[in-house]
Amino acid sequence: MKPIIHELGARVRDALAAIGVDADPLLARSGDPKFGDYQSNAAMGLAKKLGRKPRDLAQAIVDAITVDDLCEPPTIAGPGFINFRLSPSFLAARLAAIPPAPEDGSDRLGLGSAENPDVVVVDLSSPNLAKEMHIGHLRSTVIGDCVARVLEFQGHTVHRENHVGDWGTQFGMLVAYLKRTEPEVVENPDTLEIGDLESFYVEAKALFDADEDFKTESRETVVALQSGDPVIRRIWKAFCDESLRHCHAIYDRLGVRLIDRGESFYNDLMDEVIIRLEKARDSGDHDYVRDSDGALCIFPGGFTTRDGDPLPLLVRKSDGGFNYATSDLATILHRVEQLKATRIIYVVGITQKQHFDMLFAAARKVGWVDQEMPLEHLAFGNVLASDGRPFKTREGGVVKLKDVLEQAVARARGVIEKDSDLSADQADNVAETVGLAAVKYFDLCHSLKSDYKFNLDHMLAMEGNTAPYMLYAYARIRSIQRKAKVDHVQLTADMQITIEHPAEIELATKLLQFAEVIETVGRDLYPNVLTDYLFELAKSFSRFYDKKIGVRVIDAPEDLRLSRLRICDLTARVLKTGLRLLGIETIERM
RNA sequence: GCGCCGGUAGCUCAGGUGGAUAGAGCAUCGGAUUUCUAAUCCGAAUGUCGCAGGUUCGAGUCCUGCCCGGCGCGCCA
């Protein structure tokens, strides 16, 4: 079942072909319902090219088109828009054709899988293991998980790569500090527990700054670590494991699954990066790879320094050490050559834009990545405090992600408190779901590139484009189904759907847009397109079910009752599926 | 200095490939309703889309210049 917009587009293309024109049908969703559901904007542009009047050309297209199985007779409006309004019988047939939801929760709503599936790498979250995850890691984790879910849903193979920072210079300091404070780690590395990584880091840093001996020790430890000293490596490993346990407590809570592949994993590949680049440098016909001030560099071109000189990507520092360009190039080698990736998406803050522009340009320049292969930096803005300033604790420290989630869940508990139907356990469960959903949804409903202001009142409001509203809309439909005492699984078998009331038409049309929304999100990777759609769907349902302008459901005549209950069920399924793709779990009652 | 991102209603924010009278939520005002969960629905009001030019049938969207805010610009990641 392909998106309706493409079906209509194909019909317009055929009509154009019939009158001897090969052109893009320029199909779009109508901005205003009074113009119908879809419109073709092709006539205006083509008319000029063909030396004809736009409206005449539009008329010729309409005369040549066959769409009576999909919509009402198309109309021509304004300068030459061709408007299409889907017919109720088509809407009904299309909805009726959606197969029942499978038991295992993998509902696809009748959507097909990608014809040419990609192998997609999504680089997400990627915290530094030295410290605890903080508010700055929220967006990458949540956005990355969302696009990974959408791409998986479309049938692509997705690798979620958690490129954690576990190999930087600060690990010398941390391991040296660990050796002092937790000497038994050397004997029993598995038993290491650090309750508060953040303060552990602060303590280590304080000692590093105050104690010359410790500073020296730290530096020696880095060298020992990176040259493979088994004792140091063991302590380092214990520290990383412990740190990852902190991270995964959060990932588990958020329902995010990913593969940890830290910088250390790429250690050997970084050597390989250097070997290949030195070879290119020495070959004589890759002048963009060369040494500069003692550092091995790639000059991708198009980037300049403050003084206007060509800006290189530094791949090996003049002291022989590696930096993040080295490990990022190593990830590209691994992803392209080992994982066989056909699309790579880096979900990283927008402050890194120039770095990724240079990295991608360099990787293409040296031929490690084909020109056509998509390398995408999915860049996002900062999370700010509600006053628009940087999000800090009262003391000016970083805000731990764990604390933010805890606070949201606590506030959610307050929101649902008045409902006495739920047991204490159920209430806890609902609060957990609602609180986490609120944080995720609020993040995902903003456009990526701009900063947004973190506001618990907003994200936990029952009104407006929020998680609680969406979850309530879903729970409400489930409540209707319970009250109607109809098995909504059995309901789907061989049963006709009737679409005639304006509220039914509106809701049915909205339901069938799900396919094209998913397609858009999979291509452009804008989660807020999905949240906006789900919000509109929920509003359409409210009108559908409204006493004044909607239809009766439970007490409607039997045939309409079953049809409408099925529409309710389809709405619930689209909401559940859409929210699932956002990484949000639904609840049956709240 | 160069580059990138943002500037849209009182507030928070949306506005695929240029499309019709620029939207939503909140807040404000007015109306419906003894509820198939009112956590609702209908209506009203509110805009120099940062400014100025340009491109064209048509510009919030594309181009040029400028203003404001944020970020980045050689060995930290």
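A, B, ... follow the sequence lines: proteins, then strands. Residue 1 opens every chain. Everything quoted here is computed from the prediction, not taken from an experiment.
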Student: Tell me which of A:Ser447 and A:Ser292 sits closer to the 5' end of RNA chain B, going by the nucleotide each one is nearest to.
Tutor: A:Ser447

Student: If you look at every strand shown and take non-hydrogen atoms under 4.0 Å, does A:Leu471 touch a base, only sugar-phosphate, or nothing?
Tutor: nothing

Student: Just label B:rG70 as syn or anti from its O4'-C1'-N9-C4 or O4'-C1'-N1-C2 angle, using within 90° of 0 for syn.
Tutor: anti

Student: Check this for me: does any side-chain nitrogen of one of A:Asp443 and A:Arg139 sit under 4.0 Å from a carboxylate oxygen of the other?
Tutor: yes

Student: Between A:Phe454 and A:Phe391, how do the two ring planes meet: parallel, tilted or perpendicular, split at 30° and 60°?
Tutor: tilted

Student: From the set B:rG16, B:rC26, B:rC42, return the single nucleotide nearest to any side-chain atom of A:Arg543.
Tutor: B:rC42

Student: Need one value for A:Ala77: base, sugar-phosphate or nothing, where a base atom within 4.0 Å counts as base even if backbone is also close, heavy atoms only.
Tutor: base

Student: When you get a sec, tell me which of B:rG16, B:rC41, B:rG19 is the closest nucleotide to the side chain of A:Asn41?
Tutor: B:rG19

Student: Looking only at the aromatic ring of each residue, does the gap between the centers of A:Phe81 and A:Phe35 stay below 6.0 angstrom?
Tutor: no

Student: Which one, B:rC13, B:rA77, B:rC73, comes nearest to the side chain of A:Glu263?
Tutor: B:rA77

Student: What is the distance, rounded to the nearest whole Å, between atom OH of A:Tyr38 and atom P of B:rG19?
Tutor: 17 Å

Student: From the set B:rG16, B:rA77, B:rG19, return the single nucleotide nearest to any side-chain atom of A:Asp524.
Tutor: B:rG16

Student: So, is A:Tyr545 near the phosphate of B:rU37, with a side-chain N or O under 4.0 Å from OP1 or OP2?
Tutor: yes

Student: If you check every side-chain atom of A:Lys547, which of B:rG16, B:rU34, B:rA24 has the closest atom?
Tutor: B:rU34

Student: What nucleotide among B:rA14, B:rG72, B:rC36 has an atom nearest to a side-chain atom of A:Gln354?
Tutor: B:rG72

Student: Whole angstrom is fine here: how far is it from NZ in A:Lys483 over to P in B:rU37?
Tutor: 4 Å

Student: Quick check for you: among B:rA39, B:rC75, B:rU37, whose closest atom lies nearest to any side-chain atom of A:Ser318?
Tutor: B:rC75

Student: Do we see A:Phe535 stacking on the base of B:rA24, given a limit of 5.5 Å between centres and 30° between planes?
Tutor: no

Student: Does OP1 or OP2 of B:rC73 have a side-chain N or O of A:Thr305 closer than 4.0 Å?
Tutor: no

Student: Please give, in whole Å, the distance from B:rG18 P to A:Gln39 CD?
Tutor: 14 Å

Student: Quick check for you: among B:rU37, B:rC36, B:rG19, whose closest atom lies nearest to any side-chain atom of A:Ser479?
Tutor: B:rU37

Student: It should be established whether A:Lys449 places a side-chain nitrogen or oxygen under 4.0 Å from OP1 or OP2 of nucleotide B:rC4.
Tutor: no

Student: Check the geometry between A:Phe81 and B:rG19 and answer yes if their rings are stacked (centres below 5.5 Å, planes below 30°), otherwise no.
Tutor: no

Student: Once the angle between the rings of A:Tyr346 and A:Phe356 is folded into 0 to 90°, is it parallel (under 30°), tilted (30 to 60°) or perpendicular (over 60°)?
Tutor: tilted

Student: What nucleotide among B:rG74, B:rA77, B:rU37 has an atom nearest to a side-chain atom of A:Ile480?
Tutor: B:rU37

Student: Need one value for A:Asp293: base, sugar-phosphate or nothing, where a base atom within 4.0 Å counts as base even if backbone is also close, heavy atoms only.
Tutor: base

Student: With the side chain of A:His446 defined as its heavy atoms from C-beta on, choose the nearest nucleotide among B:rU40, B:rA14, B:rG74.
Tutor: B:rA14

Student: Which residue pairs satisfy the ring pair (Phe, Tyr, Trp, His ring centres under 6.0 Å) criterion with at least one member in residues 535-561 of chain A, sequence neighbours excluded?
Tutor: A:Tyr469-A:Phe535, A:Phe541-A:Phe544, A:Phe541-A:Tyr545

